[in-house]
Amino acid sequence: MSNPDSATQDKTPAFRYVGKLAQQIEAKWQDRWDENQTFHVPNPGDANFDASKPKQFIMDMFPYPSGVGLHVGHPLGYIATDLYARYLRMKGFNVLHPMGYDAFGLPAEQYAIQTGQHPRITTEKNIANMQSQMRRLGLGHDPQRGLATIDVEFYKWTQWIFLEIYNSWYDDEADRARPIATLIEKLESGAIPAGDGETNPEGKTWTQLSQNEQAAIIDSHRLAYLAEIPVNWCPALGTVLANEEVNAEGRSERGDHPVFRRPLKQWMMRITEYCDRLLDDLEPLDWPEPIKKMQRDWIGKSKGAEVDFLAVEPGGDSSGTSFFESRKKLGWAEGSPIEELAIRVFTTRPDTLYGATYMVLAPEHPLVDQLTQDEWPETTVEAWKGQFPGSPEGASPKEMVQSYRAYAESKSDVDRQKDEKVKTGVFTGSFAINPVNGHLVPIFIADYVLMGYGTGAIMAVPAHDERDFEFARQFELPTPIVVEPPKKWKKKNIKDGELVSAFSGEGKAVNSEVIDGLETQEAKAKIIGFLEEQGLGKGAINYRLRDWLFSRQRYWGEPFPIIFDEDGQTIALTIDDLPVELPEVDNYAPETNDDPDSKPQPPLGRAKEWAKVTIDGKEYARELNTMPNWAGSCWYYLRYLQPQNNNALVDKEVESYWMHSAKKGKEKGDTYDPQTSHIGGVDLYVGGAEHAVLHLLYSRFWHKLLFDLGHVSTPEPFGRLFNQGYVQAASYKNSRNFYVEASEVEEKDGQFFFEDEEVKREFGKMGKSLKNAVSPDEMCETYGADTLRLYEMYMGPLEASKPWNTRDIVGVYRFLQRLWRNLVDEDSGELLVTDNAPDEETERLLHKTIAGATKDMESLGFNTAIAKLIEFNNHLTSQEKISRSVAEPLVQMLSPLAPHIAEELWEKLGHTDGITYTDYPVANPDLLVEDSIELPVMINGKVRGKINVSPEANPKELEEAALANERVAESLEGLSIKKVIAIPGKMINLVAK
RNA sequence: GGCCCGGUGGCGGAAUUGGCAGACGCGCGGGAUUCAAAAUCCCGUUGGAUUACUCCAGUGUGGGUUCGAGUCCCACCCGGGCCACCA
């Protein structure tokens with residue numbers, strides 16, 4: 001056939017709702033929306049602002065503009081927020097619903113390195129492509145509030161926030177961040193001591209200190225600071241990497257190159273100052289509970305005690321059995337040299353202190369050198385002398401320790417995980433005194449103790465800690481019980497009088513002098529009191545969260561607004577110097593090599609001219625690192641409020657309107673009523689659960705900083721968070737374990753074939769790598785965007801992961817076709833509605849549908865909302881002509897879900913102003929009440945009959961009606977009723993024997 | 001290893017506070033329409049027994065609480081996710 005379309009073209013009615021017509025309608029309304037700026041919402045102070053309306057700020061996690069474009073999995077959340085935003089507009093809210101791009105980052109830079117093209121060019125091209133894909137889906141984002149983190153006018157404010165953080169300190173007294181000037185006041189007045197032993201060893205007063213000394217002390221308080229810390233250094237990529245950019249094998253996520261832990265001087269952010277507030281403020285947030293838990297775990301607050309163990313002087317008498325005696329023997333007094341060898345440990349179980357039989361320090365612990373002896377003490381057990389692969393034979397403690405440290409450093413994280421159960425370590429040759437019972441305990445180093453947590457040293461209580469127990473068994477150390485385990489446990493875990501595993505539960509303290517007989521919680525409190533009295537320790541709290549590594553050796557990121565003078569003193573630029581724009585360079589690639597000991601060379605160093613700044617004839621060097629990808633995403637939501645403001649991050653009045661919490665308190669239950677549940681910040685933030693900790697934690701941290709400094713009016717950025725599920729899809733692997741193009745796989749009798757070869761089916765997250773991506777453009781072409789939107793929402797609940805199945809799309813496609821055909825003549829395109837009133841049944845069903853759909857829309861239950869519309873539309877299909885008074889609310893209910901077809905029908909219904917800002921239909925409660933309802937009658941819990949009664953019928957009436965039922969009577973033959981449970985409006989249950 | 005989430009027809013999924021399991025859609029079967037097909041419309045569709053009325057079983061497995069359990073409790077199995085020697 002020369003023209004395959006001609007046959008179908010002749011027969012398909014001109015106004016049948018098929019892909020082609022859908023596309024025409026969609027293009028028409030997308031243009032109309034643009035022309036009218038339909039989705040732009042004005043700010044307070046703007047000409048058209050309607051101050052009488054309440055507000056809703058509905059937002060997605062903004063995407064990275066990838067070069068391959070969207071697949072149908074990406075817009076799931078965007079469609080949901082668009083639906084919800086459209087619904088809220090019809091409910092009379094001022095709705096802020098913007099979209100932006102998280103556009104700095106490694107992929108664009110890598111592409112630039114390969115092609116030599118500036119990353120800005122490719123990134124902007126990708127953004128334009130994604131924008132047109134989103135436009136085609138009919139997403140109603142505010143056209144005047146778009147942004148990208150790479151826009152100079154945007155990152156100017158990212159840099160400004162950095163300066164605000166740099167120029168502030170954490171005032172513990174006020175429990176908030178304050179400008180650095182207030183710190184200087186306190187230093188000058190002596191309210192805060194001028195430095196510590198490290199920054200001010202001679203204990204000078206503030207005014208006696210030199211300028212550089214003063215600067216060092218101020219720097220040590222700043223919330224953004226430079227520090228030399230161990231970081232993930234990847235020489236092959238030439239950059240340091242964040243932990244999340246390093247995979248489980250200890251290699252770079254990108255390129256699979258080796259990564260080394262090396263101490264390097266980097267920018268840090270003092271997020272640890274905010275641990276408690278980040279923890280406490282989670283409570284009132286309307287967030288998924290698992291996400292809150294992940295944040296809590298990440299912050300990792302644990303309560304316990306810090307206890308000082310004193311190391312015994314080399315060659316000291318080790319025969320002491322009581323602490324107080326040892327203390328005397330050792331001549332322990334204030335200022336005695338031995339006091340410098342206090343080893344501080346952190347423990348969450350101070351109640352087990354009497355069971356501490358040895359100590360372990362992290363291999364990097366600063367006291368290790370001092371503690372390591374030249375000779376093994378006489379009492380050294382053979383097993384203590386070193387257990388680790390490649391330990392030298394017959395070595396001295398010094399050699400052993402040195403060798404072990406080298407071993408531990410070389411060990412990758414994977415190796416560590418692999419032999420989690422097998423402990424390694426070395427005895428230092430030194431002993432310490434257990435402060436409560438005076439026992440001498442050997443001091444080991446082992447890599448199961450981490451320098452980064454607590455004090456980097458532990459007291460080991462092998463009977464009550466799994467890890468300590470494992471170590472003790474290997475190193476032949478005693479395991480005395482100091483917490484009484486339950487009898488059952490003892491039966492199982494004590495064999496031949498020997499402990500088989502550690503008891504880490506709670507119970508009565510035993511063999512513990514002052515706390516004997518106390519339950520764990522009381523014992524903890526009492527022993528902490530005792531330690532504090534004796535000056536041996538104190539109650540303490542520890543956090544797992546570390547300060548945030550904030551610099552990268554990359555080109556494609558925000559430059560720091562920081563310069564250095566010739567002494568290396570840090571100098572912050574001011575707002576007038578912003579933005580600090582990225583320089584042009586001829587090569588975007590970082591220096592790369594294979595040498596783990598090489599130093600990072602930031603690519604910005606190549607911009608020799610840019611890197612030097614001359615101010616008042618003096619030369620300064622620019623900071624050459626750039627900010628991490630998280631910087632822009634930490635605060636972008638605030639810029640949506642007023643992206644064009646050149647004088648401030650955002651105007652106070654504008655910020656307060658969109659962010660400020662007018663009403664407080666979270667409603668119990670899962671449903672969310674935007675009228676009453678309002679705790680401030682963004683009203684709905686939708687995105688994937690993969691950002692549970694990093695982005696959402698960093699963002700909360702910055703927001704709290706900005707709150708402390710008076711730039712925002714709410715303590716939290718996102719009042720309500722919702723995690724959408726993933727779109728999964730079938731992927732197919734051939735016999736050589738390669739993925740094959742899923743779209744070309746054919747199914748025959750439950751088996752799958754690709755090019756006649758049988759392939760295996762799996763299910764996974766949709767994406768390029770599994771070769772199972774389905775493009776939204778393709779779907780829009782075949783069915784139209786409205787059908788695609790409906791299908792994505794109809795697949796299942798928004799929060800669930802569910803498989804994509806192109807075959808199923810026809811279901812919602814047919815729904816739209818049927819609805820269209822119910823209202824429009826397929827041949828003439830003319831409207832089919834009548835002005836006559838609908839029949840009562842239809843009217844009742846309409847109002848039931850309105851009530852149901854409203855409830856579903858409010859709780860983001862779009863799948864069931866659609867089901868209700870389908871059900872109602874199916875009912876209408878059998879009617880000759882649809883009443884206008886039914887058609888109009890139906891089209892309105894459809895409009896958030898399938899806005900283009902709804903606009904078109906609305907126009908056909910004779911309205912000229914568009915459907916977007918019309919009022920969502922309201923159910924008439926009178927029509928929701930039925931005269932008579934059908935209730936089940938159960939006998940012994942099994943349905944034996946149905947009765948028709950008034951919904952208000954009382955239990956007595958129900959019982960009478962039930963007994964009058966023929967089938968019920970039959971089933972009751974030979975039985976006598978023992979009990980009747982009748983619940984009005986629900987059911988009747990007859991208990992009979 | 002720890003913690004979290006989930007398991008309902010051939011498939012995706014519905015089921016207020018415990019109260020008629022399987023809404024709605026896909027697929028499948030049957031019918032109407034058509035010269036035929038596509039499209040459309042109607043009927044059926046958890047399994048088993050039954051001509052039928054109807055009966056029995058049934059929400060991963062095993063126990064429990066209850067007049068009544070997909071829903072609550074205990075133990076276990078399977079799948080997915082997060083963390084992983086955090087003292």
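Chain naming here is simple, since letters A, B, ... match the order of the sequence lines and numbering starts at 1 in each. Since the model is a prediction, treat every value here as computed from it, not as a measurement.
- Base pairing of B:G62: its partner is B:C74, meeting the Watson-Crick or G-U wobble criterion (both donor-acceptor distances under 3.5 Å).
- Across all strands shown, A:Glu934 has heavy atoms under 4.0 Å from base atoms, whether or not it also approaches the sugar-phosphate.
- The phosphate of B:G13 (OP1 or OP2) has no side-chain N or O of A:Thr864 nearer than 4.0 angstrom.
- Looking only at atom types and distance, the side chain of A:Asp276 has a donor-acceptor partner in the side chain of A:Tyr543 under 3.5 Å away.
- Of the two residues contacting RNA chain B, namely A:Met294 and A:Ile809, the nearest-nucleotide position lying further toward the 5' end is that of A:Ile809.
- Taking the P atoms as reference points, B:G31 lies 36 Å from B:C20, given to the whole Å.
- Contact check on A:Asp827 versus A:Arg16 returns no salt bridge, with no Lys/Arg side-chain nitrogen under 4.0 Å from an Asp/Glu carboxylate oxygen.
- Summarising the geometry, the separation between CG on A:Asp351 and P on B:A87 is reported as 14 Å, rounded to the nearest angstrom.
- Between A:Arg544 and B:C83, a side-chain N or O to OP1/OP2 separation shorter than 4.0 Å is absent.
- Listed candidates were B:A87, B:C20, B:C24. Nearest to the side chain of A:Ile870 is B:C24.
- In this model, the phosphate group of B:C3 is not approached by any side-chain N or O of A:Arg296 to a distance below 4.0 Å at OP1 or OP2.
- One can place CD of A:Glu799 at 15 Å from C1' of B:C4, the figure rounded to the nearest angstrom.
- For the pair A:Lys868 NZ and B:G13 C1', the interatomic distance rounds to 13 Å; values are reported in whole Å.
- Of the listed nucleotides (B:C85, B:A23, B:C4), B:A23 has the atom at the smallest distance from the side chain of A:Glu871.
- Pair assignment for B:C83: B:G1, on the basis of Watson-Crick or G-U wobble contacts that are both within less than 3.5 Å.
- Pairing for B:C67 goes to B:G19, judged as Watson-Crick or G-U wobble with the two contacts each under 3.5 Å.
- OP1 or OP2 of B:A87 lies within a sub-4.0 Å distance of a side-chain N or O belonging to A:Tyr453.
- Residue A:Lys986 places no side-chain atom within donor-acceptor reach of the base of B:U16, judged by atom type and a 3.5 Å distance cut-off alone.
- If you check the side chains of A:Arg944 and A:Asn965, you find no donor sitting under 3.5 Å from an acceptor.
- Taking atom C1' on both nucleotides, B:U17 is separated from B:G2 by 34 Å, rounded to a whole Å.
- With hydrogens and angles left out, the side-chain atoms of A:Tyr354 and A:Asn434 include no donor and acceptor closer than 3.5 Å.
- Closest to the side chain of A:Val943, from the set B:A14, B:U16, B:C20, is B:C20.
- Not one side-chain nitrogen or oxygen of A:Asn989 sits closer than 4.0 Å to the OP1 or OP2 atom of B:C20.
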message: Before you tell me yes or no, could you show the steps for A:Arg344 and A:Asp308 under salt bridge (charged side-chain N to carboxylate O under 4.0 Å, His left out), namely the whole-Å CA-CA distance, both residues' side-chain angles and the distance that decides it to 0.1 Å?
response: CA-CA 4 Å; A:Arg344 183 158 294 182; A:Asp308 286 345; 2.8 Å; yes
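- Comparing B:G58 with B:C53, their C1' atoms are spaced 22 Å from each other, to the whole Å.
- Across all strands shown, B:G25 pairs with B:C11; the Watson-Crick or G-U wobble distances both stay below 3.5 Å.
- Across B:G25 and B:A14, the matching C1' atoms stand 11 Å from one another, rounded to whole Å.
- B:A23 atom C1' lies 14 Å from atom CG of A:Leu869, rounded to whole Å.
- Side-chain nitrogen and oxygen atoms of A:Lys979 include at least one within less than 4.0 Å of the OP1 or OP2 phosphate oxygen of B:C67.
- If you check B:G12, B:A87, B:C24 against the side chain of A:Asn874, the one that comes closest is B:C24.
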task: Show your working on ring pair (Phe, Tyr, Trp, His ring centres under 6.0 Å) between A:Tyr407 and A:Tyr404 and close with a plain yes or no.
output: CA-CA 5 Å; A:Tyr407 157 78; A:Tyr404 182 72; 5.7 Å; yes
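- Of the candidates B:C56, B:C24, B:A87, the closest approach to any side-chain atom of A:Ile458 belongs to B:A87.
- Rounding to whole angstrom units, CD1 of residue A:Ile981 and P of B:U66 are separated by 13 Å.
- Comparing B:G10 with B:C85, their C1' atoms sit 48 Å apart, to the nearest whole Å.
- Nucleic acid contact for A:Met987: base, since at least one base atom lies under 4.0 Å from a heavy atom of the residue.
- Using a 4.5 Å cut-off on side-chain heavy atoms (C-beta onward), A:Met451 and A:His365 make contact.
- Using a 4.0 Å heavy-atom cutoff across all strands shown, A:Ser302 reaches sugar-phosphate atoms only and no base atom.
- Counting any heavy atom pair closer than 4.0 Å across all strands shown, A:Ser878 reaches no nucleic acid atom.
- For B:G22, the base adopts the anti conformation, since its glycosidic angle falls more than 90 degrees from zero.
- Put simply, CD on A:Gln474 is 13 Å from C1' on B:C85, counting in whole angstrom units.
- At B:A39, none of the side-chain N or O atoms of A:Arg818 fall inside 4.0 Å of OP1 or OP2 (strictly under the cut-off).
- Distance A:Leu819 CG to B:U40 C1': 16 Å, rounded to the nearest Å.
- A straight line from CG of A:Asn948 to P of B:C20 spans 16 Å, rounded to a whole angstrom.
- No hydrogens or angles considered: a donor-acceptor pair under 3.5 Å links the side chains of A:Ser302 and A:Tyr453.
- Note on A:Lys942: a side-chain N or O is less than 4.0 Å away from OP1 or OP2 of B:A57.
- Relative to the side chain of A:Lys946, the nucleotides B:C20, B:G19, B:A87 differ in distance, and B:C20 lies closest.
- Nucleotides B:G9 and B:A21 place their C1' atoms 11 Å apart, quoted to the nearest Å.
- In this structure, A:Arg546 reaches neither bases nor backbone, as no heavy-atom distance under 4.0 Å exists between it and the strands shown.
- For the OP1/OP2 pair of B:A87 and a distance below 4.0 Å, the side-chain nitrogens and oxygens of A:Asn542 include no atom meeting the criterion.
- With a cut-off of 3.5 Å on both Watson-Crick or G-U wobble distances, the partner of B:C55 is given as B:G48.
- Taking only distance into account, the side chain of A:Asp808 never meets the base of B:C26 through a donor-acceptor pair shorter than 3.5 Å.
- At a threshold of 4.5 Å between non-hydrogen side-chain atoms, the residues A:Val307 and A:Pro435 count as touching.
- Taking only distance into account, the side chain of A:Lys293 never meets the base of B:C3 through a donor-acceptor pair shorter than 3.5 Å.
- Using a 4.0 Å heavy-atom criterion, one finds that A:Asn863 contacts the sugar-phosphate atoms exclusively.
- Separation of the P atoms belonging to B:A52 and B:G47 is 15 Å when rounded to the nearest angstrom.
- When distances run from any side-chain atom of A:Arg16 to the nucleotides B:C20, B:A39, B:A87, the shortest one goes to B:A39.
- A distance of about 27 Å separates the C1' atoms of B:C78 and B:G27, rounded to the whole Å.
- Nearer to the 5' terminus of RNA chain B, by closest-nucleotide assignment, is the contact made by A:Asp297 (compared with the other of A:Asp297 and A:Pro803).
- Judged by Watson-Crick or G-U wobble contacts below 3.5 Å, the nucleotide B:U40 has B:A32 as its partner.
- The residues A:Glu858 and A:Lys855 are annotated as not salt-bridged, no charged nitrogen and carboxylate oxygen being separated by less than 4.0 angstrom.
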